[in-house]
Amino acid sequence: MTCCSSCGRSTGMDDPAWRCTCGGVLELEPPPPFSRDSIVTSEPGFWRYAAALPPLAPRERLRLGEVVTPLVEAQLHGFSVLLKLDYMLPSASYKDRGAAVLMSVLRKQGVTRVFDDSSGNAGAAAAAYAAAAGIDCTILVPAQNSPGKLAQISAYGAHLVAIEGSRAAVAEAAMKRANTSFYASHVWHPVYPAGVATLGFEIWEQLGYRAPSAIFVPAGQGSLVLGLARAYEALSRGGQIDTLPAIFAVQSRAFPALARSFEVVEKNADGTDELFETVAEGIACREPLREHVVVDALRKSSGRAIVVSDREITDALTTLVRSGFYVEPTGAVAAAGLGRARLNKSAGPVVVVLTGSGLKANKQIADMTKPHGIRDSEWL
Ligand SMILES: [Zn+2]
């Protein structure tokens, strides 16, 4: 069941609506209580948490070899942290969690053609799971995005439509197209956050059925915040955890929409506080659709949103890849935020979510991390 956040109208799960007839944002009903007994232990990946997802029989769940992604100890900013390697999902980003569940639901509802707009990872995930579902898929993308991601999207068989201009121009083009085609929006569709919530359950299970003290995620629209908040609400209602983990939404200094609710963001010379350009293209979002819901979730968790500069993102990226973790620039944003958060070191496990693979942005990473070339003389 979904409910409109504007007019309160309810919609059943057999209706493939991506927004309310009044134009309002649809939200999934609150999650049912979740406990250890709810886990489907025979499932190897995020379908383990099917009890927290819209009803899908085992044969209705799309599978591309999802795994429980590794949680690996590492040192960052003098901190001992656990890196959650969510780039090790089938299309190489955490977006597979939302896309797998959304495409499974749409296939069940009889939807055969969809489109989405995406700055990259969401498009690749949608294209991958649409291919698995046999759903015809079109992805609108900003023309200037990473060639690696565009190649991946079209390789899955999706139709790629490049839109000139900003990310906002792409969103506008999507709204026009939504009049004539089904908009499987990773931002608007109410099912997507439920899929992303599997990340929260997975971390809890990997920590021996405990919540971490803090989780760092990159944030543009804030879908990871919504997903994690949903998971930990379900676990709290199920009596599994006493305290919610503090969620830290790390934003680019260039797009500080969420952080403005928590700190004064430094102004530019012209009085604006946005720069409109960042190395972290995956979180280049001016106006998050569910901004107030995301900010409320952060407050409830005792976390907050923080901004980091491109310099800090570049440093974090360099540290990660030099340690062997090959992430894309947006995937390094959460690690950059850890340096700003001034956490209490004795508080308990801290998880940093690495969201997307560096293999999608080889050239950009090479430019940002300036690898040392080997000179002929060193060979001899
Ligand atoms: Zn409505």
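In each ligand, atom 1 is the first atom listed, and ligand 1 is the first ligand listed. Since we're looking at a predicted model, the values are computed, not measured.
Counting only distance, with no hydrogens or angles, the side chain of Gln221 and the backbone of Leu289 share a donor-acceptor pair below 3.5 Å. Put simply, the side chain of Gln109 gets close to the backbone of Met13: a donor and an acceptor are under 3.5 Å apart.
The CG atom of Asn121 sits 13.5 Å away from the OH atom of Tyr87 when rounded to the nearest 0.5 Å.
Protein N/O/S atoms closer than 2.8 Å to the Zn ion (ligand 1), listed by chain and residue number, are Cys4 SG, Cys7 SG, Cys20 SG, Cys22 SG.
Here Tyr129 pairs with nothing under the ring pair (Phe, Tyr, Trp, His ring centres under 6.0 Å) rule; sequence neighbours left out. For Glu205, the salt bridge (charged side-chain N to carboxylate O under 4.0 Å, His left out) test picks out Arg48, with sequence neighbours left out. Remark: Phe201 engages Phe34, Tyr49 in a ring pair (Phe, Tyr, Trp, His ring centres under 6.0 Å) (not counting sequence neighbours).
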